[in-house]
Amino acid sequence: MSIRHGLLALLERGPRYGSQLRTEFESRTGSTWPLNVGQVYTTLSRLERDGLVVQDGEDDHGHALYSISDAGRAELRTWFDTPVDRSSPPRDELAIKLAMAVGAPGVDIRAVIQAQRHHTVKAMQDYTRLKAQSLAQAPANRDEVAWLLVVEQLIFQAEAEARWLDHCEARLIRLAEAAATEPAPPPAQGTATRTAGRARIRR
């Protein structure tokens, strides 16, 4: 849905053609979520089907132009005014991986956590360098400001993931320590009787 509404937001600035929309979308988001032209035109077709955009002639080079309709503007306003729904979070591959690794035979979950932490910290450092480069000069236009917001979100996300991985490792350590200090359960009564019987037979 973010691509759908992202294209509407760009079209609100004036008529655009497909590859132009792709370029502006990637410029605004720093190519964090690259699009292909086919994906853009598929989305435009659906927006046109839903009455949210209309074809608006061609430019001087023969590119088919699209414009946002009044219904599209109303849809865009609703998108901006409505909080992003977090009640049905998207699947997170890392969370699923760790959940499946718990108790999986032959899997060292702490090694999985350590490998991911190394990757996450490196990504955070890379994003931080990108931010520093962006701030070396004051953002000159709205696309540069938009990219700065995106890269800062990536930094915060990586920081949160690193903290969560630390938490996961600490919890596993506590659980392992608790299991090691628990007394072994007494043998079942039937087991003890059978063991004593076998001892008498051996005598």
Side-chain angles (χ1 to χ4, degrees), residues 1-6 22 25-36 38-40 42-43 79-80 82-137 139 143-199:
M1 294 301 292
S2 58
I3 295 174
R4 173 186 174 95
H5 291 101
R22 181 191 66 172
F25 184 95
E26 292 185 351
S27 175
R28 187 68 65 89
T29 61
S31 298
T32 303
W33 302 283
L35 300 177
N36 59 60
Q39 189 175 11
V40 171
T42 297
T43 303
W79 183 58
F80 282 134
T82 305
V84 175
D85 184 15
R86 298 300 187 192
S87 60
S88 299
R91 294 183 182 90
D92 184 278
E93 183 179 357
L94 177 57
I96 294 172
K97 179 189 288 189
L98 294 189
M100 296 301 141
V102 173
V107 176
D108 182 350
I109 188 170
R110 292 183 64 183
V112 175
I113 291 172
Q114 180 61 27
Q116 183 64 44
R117 183 190 291 111
H118 176 77
H119 175 81
T120 300
V121 170
K122 183 179 184 305
M124 184 168 56
Q125 293 169 342
D126 291 342
Y127 297 145
T128 301
R129 278 194 293 272
L130 288 174
K131 177 183 176 179
Q133 292 170 6
S134 178
L135 291 175
Q137 295 181 339
D143 286 347
E144 292 183 5
V145 173
W147 161 232
L148 183 60
L149 295 179
V150 169
V151 76
E152 287 177 333
Q153 191 270 345
L154 294 173
I155 292 170
F156 291 139
Q157 192 174 51
E159 289 175 344
E161 184 170 284
R163 289 197 303 271
W164 178 67
L165 289 167
D166 291 341
H167 166 78
C168 290
E169 185 172 41
R171 180 173 293 280
L172 289 169
I173 291 172
R174 289 195 301 270
L175 291 174
E177 290 174 347
T181 58
E182 288 180 359
Q189 184 62 37
T191 302
T193 302
R194 288 193 298 271
T195 302
R198 285 195 295 270

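Note: hydrogens, waters and symmetry copies are ignored here, and every other heavy atom, side chains too, is used.
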Under a 3.5 Å distance rule, please check whether Thr32 uses its side chain to pair with a backbone N or O of Thr29 as donor and acceptor.
yes
Which value, rounded to the nearest 0.5 Å, describes the distance between Leu149 atom CG and Arg28 atom CZ?
10.5 Å
Rounded to the nearest 0.5 Å, what separation is found between the CG atom of Asp143 and the CD atom of Glu26?
12.0 Å
Pairing residues for Thr42 by the side-chain contact (heavy atoms from CB on, under 4.5 Å) criterion, not counting sequence neighbours
Arg46
Atom CZ in Arg4, atom CH2 in Trp79: separation rounded to 0.5 Å?
11.5 Å
Which residues pass the side chain to side chain donor-acceptor pair (under 3.5 Å) test with Thr120, not counting sequence neighbours?
Gln116, Glu161
Using every non-hydrogen atom in the two residues, find where Ser134 and Trp147 come nearest and quote the distance to one decimal.
OG-CD1, 4.5 Å
Applying salt bridge (charged side-chain N to carboxylate O under 4.0 Å, His left out) to Lys122 and not counting sequence neighbours gives Asp126
Pairing residues for Asp85 by the side chain to side chain donor-acceptor pair (under 3.5 Å) criterion, not counting sequence neighbours
Ser87
If you compare all heavy atoms of Gln39 against all heavy atoms of Pro34, which two are closest, and at what distance to 0.1 Å?
OE1-O, 4.4 Å
With sequence neighbours excluded, tell me which residues meet side chain to side chain donor-acceptor pair (under 3.5 Å) with Thr128.
none
Salt bridge (charged side-chain N to carboxylate O under 4.0 Å, His left out) contacts in which one or both residues fall within residues 146-157, not counting sequence neighbours:
Lys131-Glu152
When rounded to the nearest 0.5 angstrom, what is the spacing between CZ in Arg22 and CG in Asn36?
7.5 Å
Qualifying salt bridge (charged side-chain N to carboxylate O under 4.0 Å, His left out) pairs, either residue in residues 94-109, two or more places apart
none
Just to verify, what does Asp92 make a salt bridge (charged side-chain N to carboxylate O under 4.0 Å, His left out) with, not counting sequence neighbours?
none
Ignoring hydrogens and angles, write down the donor-acceptor pairs under 3.5 Å from the side chains of residues 162-175, residues two or more places apart or on other chains.
{"unit_1": "Asp166", "atom_1": "OD1", "unit_2": "Arg117", "atom_2": "NE", "d": "2.8"}
{"unit_1": "Asp166", "atom_1": "OD1", "unit_2": "Arg117", "atom_2": "NH2", "d": "3.2"}
{"unit_1": "Glu169", "atom_1": "OE1", "unit_2": "Arg117", "atom_2": "NH2", "d": "2.8"}

Do you know which two heavy atoms are closest between Arg91 and Ile96, and how far apart they sit?
CB-CD1, 4.1 Å
Got Leu130 and Gln133 here, is their nearest side-chain heavy-atom distance under 4.5 Å?
yes
Val107 meets the side-chain contact (heavy atoms from CB on, under 4.5 Å) criterion, sequence neighbours left out, with Ala101, Ala104, Val112
Contact summary for Trp33 and Phe25, nearest pair of heavy atoms:
O-CE2, 3.6 Å
